[in-house]
Amino acid sequence: MKNELRKIVVNNNTYLWRRHHHHLNQFQLSKCVEKVTIYLKGCKKAPLLLSFREEDNLILKADVEKEKWCVGYPDSGVVRLCTYKPPLPNNEPYPIEQQKTITINLNRPAVIVKLIEYFINTQWKPKETEKSLVIKDALKLLEIIELPKGYK
């Protein structure tokens with residue numbers, strides 16, 4: 001997926017958005033981050049900036065060894081809730097396709113529509129401000145907002 005701005009219309013308003021993979025310099029659990037940037041067309045000074053950091057599993061999940069959100073691997077832009085099973089013989093892990101339980105693809109316009117609707121109805125006012133709304137711990141949103149599941 002290219003990092004070019006994509007266009008989407010929500011409630012008769014045009015938004016521009018992009019998603020890209022990023023790595024943290026300092027981390028305990030994982031350096032992977034999926035970043036989503038959304039602008040209301042004509043209001044570039046007030047973007048919505050979302051960071052889905054795998055690192056935030058340390059806050060969300062009591063036992064990340066059993067269940068955690070996996071961010072951007074093996075598919076860029078995809079976040080998975082992974083449940084781990086006991087190791088296979090010879091201490092081999094289960095293949096990743098057998099570990100995932102929920103998949104949310106941040107490349108999908110349907111996911112972006114839900115994020116826009118949620119933030120426009122809560123705290124993002126791009127027509128009224130010239131200040132960015134920055135959500136550094138957006139991973140928690142996956143348990144709050146009902147986002148479309150799957151790849152398509």
Handout entry: Val10-Ile135 co-clustered via ILVMFWY side chain contacts under 4.5 Å
Key = yes
Practice task
Could you note down all residue pairs passing side chain to side chain donor-acceptor pair (under 3.5 Å) where residues 34-46 supplies at least one of them, sequence neighbours left out?
Solution key: Arg19-Glu34, His21-Glu34
Problem - Side-chain heavy atoms of Leu106 within contact of Val79, under 4.5 Å - result: yes
Handout entry: Minimum heavy-atom distance between Leu50 and Leu48, given as atom pair plus value
Key = CD2-CD1, 3.9 Å
Handout entry: Derivation and outcome, side-chain contact (heavy atoms from CB on, under 4.5 Å), residues Ile112 and Val36
Key = CA-CA 9 Å; Ile112 301 305; Val36 174; 3.9 Å; yes
Practice task
Let me see the working for Tyr15 and Val9 under side-chain contact (heavy atoms from CB on, under 4.5 Å), right down to the final yes or no.
Solution key: CA-CA 6 Å; Tyr15 295 86; Val9 177; over 6 Å; no
Exercise for the section: Check whether Leu141 and Trp17 end up in the same hydrophobic cluster, where Ile, Leu, Val, Met, Phe, Trp and Tyr are linked by side-chain heavy atoms less than 4.5 Å apart. Expected result: yes
Donor-acceptor contacts, no H, no angles, side chain residues 124-134, under 3.5 Å, sequence neighbours left out:
| unit_1 | atom_1 | unit_2 | atom_2 | d |
| --- | --- | --- | --- | --- |
| Trp124 | NE1 | Ala46 | O | 2.9 |
| Lys125 | NZ | Ile120 | O | 3.2 |
| Thr129 | OG1 | Lys131 | N | 3.1 |

Fill in the blank from the handout: Between the OG atom in Ser76 and the CG atom in Asn105, the distance rounded to the nearest 0.5 Å is 9.5 Å
Completion exercise
CD1 of Ile8 to CD1 of Ile116, rounded to nearest 0.5 Å, is 5.5 Å
Exercise for the section: Return yes if a side-chain donor-acceptor contact under 3.5 Å exists between Asn13 and Asn11, otherwise no. Expected result: no
Practice task
Answer yes or no: is there a side-chain heavy-atom contact under 4.5 Å between Val71 and Leu139?
Solution key: yes
Handout entry: Single-linkage hydrophobic cluster Leu49~Leu115, side-chain heavy atoms < 4.5 angstrom
Key = no
Problem - side-chain contact (heavy atoms from CB on, under 4.5 Å) between Leu142 and Phe52, intermediate numbers included - result: CA-CA 9 Å; Leu142 303 180; Phe52 295 85; 3.9 Å; yes
Practice task
With rounding to the nearest 0.5 Å, note down the distance linking CG in Leu16 to CG in Leu5.
Solution key: 5.5 Å
Practice task
State whether the side chain of Arg53 and the backbone N or O of Lys136 hold a donor-acceptor pair below 3.5 Å, judged by distance alone.
Solution key: yes
Fill in the blank from the handout: In terms of heavy-atom contacts, Thr14 and Leu40 come closest through O-CD1, 3.4 Å
Practice task
Can you establish whether the number of heavy atoms outside Glu146 located under 6.0 Å from its atom CD is more than 12?
Solution key: no
Practice task
Look up atom CZ in Arg80 and atom NZ in Lys149, then write down how far apart they are to the nearest 0.5 Å.
Solution key: 14.5 Å
Handout entry: Smallest separation among heavy atoms of Val33 and Ser51, with atom names
Key = CG1-CB, 4.0 Å
Handout entry: Minimum heavy-atom distance between Pro148 and Lys114, given as atom pair plus value
Key = CD-CG, 3.8 Å
Problem - Side chain to side chain, Val78 and Thr103, heavy atoms closer than 4.5 Å - result: yes
